[in-house]
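Excluded from the calculations below are hydrogen atoms, water molecules and symmetry mates; all remaining heavy atoms, backbone and side chain alike, are included.
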Amino acid sequence: MRGHSDLRSFLFLLLLCLGLASKKEHPVTSLMLRKLGKAGSFTQEQINNARGILEQCVKHTTEVNQLSYVLATVILECGLRPIKEYRGSPDSELWHIQNRYWHTGFYGRGYVQLTWEFNYATFGKLLNVDLLKNPDLALDSKISSKILCIGMTKGLFTGVGLSHYFGPGKADWVNARRIVNGLDKAKEFAEHAALIARL
């Protein structure tokens with residue numbers, strides 16, 4: 001009787017180990033998480049979000065500089081949390097820019113503040129998710145990770161992607177900001193990304 005019980009316990013542990021092994025993270029994800037840990041202090045939620053982002057991004061690139069720029073982007077854009085865009089104060093230039101789309105409900109959401117109805121439509125089709133009927137789905141960390149990684153690697157936000165600025169023999173940390181948002185705070189993003197890459 002005991003032999004059957006021991007065998008069942010052994011088989012259960014074996015299946016558990018095999019299940020865990022099949023979910024093991026990509027080695028480049030592990031490398032980038034170690035770099036992230038040296039770059040600052042983060043909560044467990046932020047680390048989990050970073051892991052999810054990296055696991056999506058390594059499907060498209062394993063280049064350290066590119067992934068460092070992705071991490072710097074989400075750290076500085078939203079603190080490694082998918083968020084809703086903040087409304088500018090009524091007397092600011094941001095307020096007037098936001099007035100062009102705010103009333104539509106397609107204001108910024110997620111890790112890189114997906115904005116405008118056509119962008120929600122584009123990524124909804126790519127991910128087979130109805131972002132037009134439910135734009136708040138862009139706040140889901142898994143969906144937001146996919147939007148971030150596909151958008152930055154394929155150049156779907158502004159027309160240029162990570163490989164335009166990073167690759168063999170090139171690392172244009174400052175101009176890489178154009179992937180998401182012109183040159184707004186480009187130097188700050190550049191310094192943060194280069195630091196992560198060096199660690």
Side-chain angles (χ1 to χ4, degrees), residues 28-29 31-54 56-58 60-89 91-98 100-102 107-116 119 138-139 141 144-199:
V28 175
T29 295
L31 168 69
M32 296 308 299
L33 287 173
R34 287 194 298 274
K35 288 175 174 287
L36 181 66
K38 294 176 187 175
S41 178
F42 300 96
T43 66
Q44 190 59 53
E45 177 198 10
Q46 289 171 308
I47 292 166
N48 291 343
N49 288 343
R51 178 176 286 110
I53 289 165
L54 290 163
Q56 285 301 322
C57 286
V58 295
H60 306 282
T61 180
T62 56
E63 211 271 335
V64 168
N65 286 347
Q66 293 185 16
L67 294 172
S68 297
Y69 201 85
V70 169
L71 287 176
T73 297
V74 291
I75 290 168
L76 296 174
E77 287 274 357
C78 62
L80 277 168
R81 293 180 180 94
I83 61 170
K84 288 185 179 182
E85 180 180 3
Y86 297 112
R87 188 69 158 114
S89 59
D91 58 343
S92 68
E93 182 182 342
L94 177 59
W95 172 274
H96 295 291
I97 293 169
Q98 290 174 327
R100 294 185 298 177
Y101 58 81
W102 201 269
Y107 50 78
R109 291 175 177 86
Y111 287 125
V112 285
Q113 305 298 286
L114 186 67
T115 310
W116 300 100
N119 283 322
L139 293 166
S141 59
S144 192
S145 293
K146 291 177 182 179
I147 291 169
L148 168 74
C149 297
I150 293 170
M152 290 188 76
T153 56
K154 307 296 183 193
L156 298 182
F157 297 131
T158 63
V160 287
L162 288 162
S163 62
H164 186 81
Y165 300 103
F166 303 104
K170 65 179 175 180
D172 189 347
W173 298 104
V174 172
N175 283 304
R177 184 70 178 128
R178 297 178 192 276
I179 296 166
V180 174
N181 200 2
L183 289 175
D184 179 51
K185 300 180 183 174
K187 188 176 179 187
E188 183 183 356
F189 280 73
E191 289 171 355
H192 211 82
L195 171 66
I196 294 170
R198 283 196 306 271
L199 293 173

Worked verdict on Leu148 versus Gln56 for side-chain contact (heavy atoms from CB on, under 4.5 Å) | CA-CA 9 Å; Leu148 168 74; Gln56 285 301 322; over 6 Å; no
How long is the gap from CG on Leu114 to CD on Glu85, to the nearest 0.5 Å?
-> 10.5 Å
Phe157 and Met152 have their tightest heavy-atom pair at CE1-N, 3.6 Å
Does the Gln66 side chain pair with the main chain of Thr61, one donor and one acceptor, at a distance under 3.5 Å?
-> no
Flag the pair Thr153 / Cys57 as yes when at least one side-chain heavy-atom distance between them is below 4.5 Å, and no otherwise.
-> no
Does the side chain of Val70 reach to within under 4.5 Å of the side chain of Leu54, using non-hydrogen atoms?
-> no
When every non-hydrogen atom of Ile53 is compared with those of Cys149, the smallest separation belongs to O-SG, 3.3 Å
Inter-residue atom distance Thr62.OG1 - Met32.CE, 0.5 Å rounding | 10.5 Å
Listed partners of Tyr101 passing ring-ring contact (aromatic ring centres under 6.0 Å, His included), at least two apart | Trp116
Interatomic distance, Arg34 atom CZ to Thr29 atom OG1 [nearest 0.5 angstrom] = 10.5 Å
So NE2 of His192 and CG of Leu76: to nearest 0.5 Å the spacing works out to 5.0 Å
Hey, are the side chains of Phe42 and Ile75 touching, using non-hydrogen atoms and a 4.5 Å cut-off?
-> yes
Below 6.0 angstrom between ring centroids: does that apply to Phe166 and Trp173?
-> yes
Evaluate the side-chain proximity of Val64 to Lys35: yes if any heavy-atom separation is below 4.5 Å, no if none is.
-> yes
Please tell me if the side chains of Arg109 and Pro82 come closer than 4.5 Å, counting only heavy atoms from C-beta onward.
-> no
Set of residues satisfying side chain to side chain contact (heavy atoms under 4.5 Å, CB included) with respect to Gln44, sequence neighbours excluded = Ile47, Asn48
CG-NZ distance between Asn65 and Lys170, expressed to the nearest 0.5 angstrom = 11.5 Å
Could you walk me through whether Arg87 and Leu94 pass side-chain contact (heavy atoms from CB on, under 4.5 Å), step by step?
-> CA-CA 8 Å; Arg87 188 69 158 114; Leu94 177 59; over 6 Å; no
Tightest non-hydrogen contact, residues Ile196 and Ala72, listed as CD1-N, 4.1 Å
Say you draw a straight line from CD of Gln113 to CD1 of Ile147; how long is it, rounded to the nearest 0.5 Å?
-> 11.0 Å
Can you find a heavy atom in the side chain of Val58 that is under 4.5 Å from one in the side chain of Leu67?
-> yes
Minimum side-chain heavy-atom gap Asp172-Tyr69 below 4.5 Å = no
Pair up each side-chain donor or acceptor in residues 177-188 with any protein partner under 3.5 Å, not counting sequence neighbours, and list the distances.
unit_1	atom_1	unit_2	atom_2	d
Arg177	NE	Asp184	O	2.7
Arg177	NH1	Glu77	OE2	3.0
Arg177	NH2	Glu77	OE2	2.9
Arg178	NE	Asn175	OD1	3.1
Arg178	NH2	Asn175	OD1	3.3

Can you see which heavy atom on Gly110 is nearest to which on Leu139, and at what distance?
-> N-CD2, 3.7 Å
Heavy atoms, side chains only, cut-off 4.5 Å: are His60 and Lys154 in contact?
-> yes
Side chain of Gln46, backbone of Gly79: donor and acceptor closer than 3.5 Å?
-> yes
Please report the C-alpha distance between Val174 and Tyr165 in whole Å, then the side-chain angles of each, then the deciding distance to 0.1 Å, and finally whether the side-chain contact (heavy atoms from CB on, under 4.5 Å) criterion is met.
-> CA-CA 9 Å; Val174 172; Tyr165 300 103; over 6 Å; no
List the steps and the verdict of side-chain contact (heavy atoms from CB on, under 4.5 Å) for Leu80 and Thr43.
-> CA-CA 10 Å; Leu80 277 168; Thr43 66; over 6 Å; no
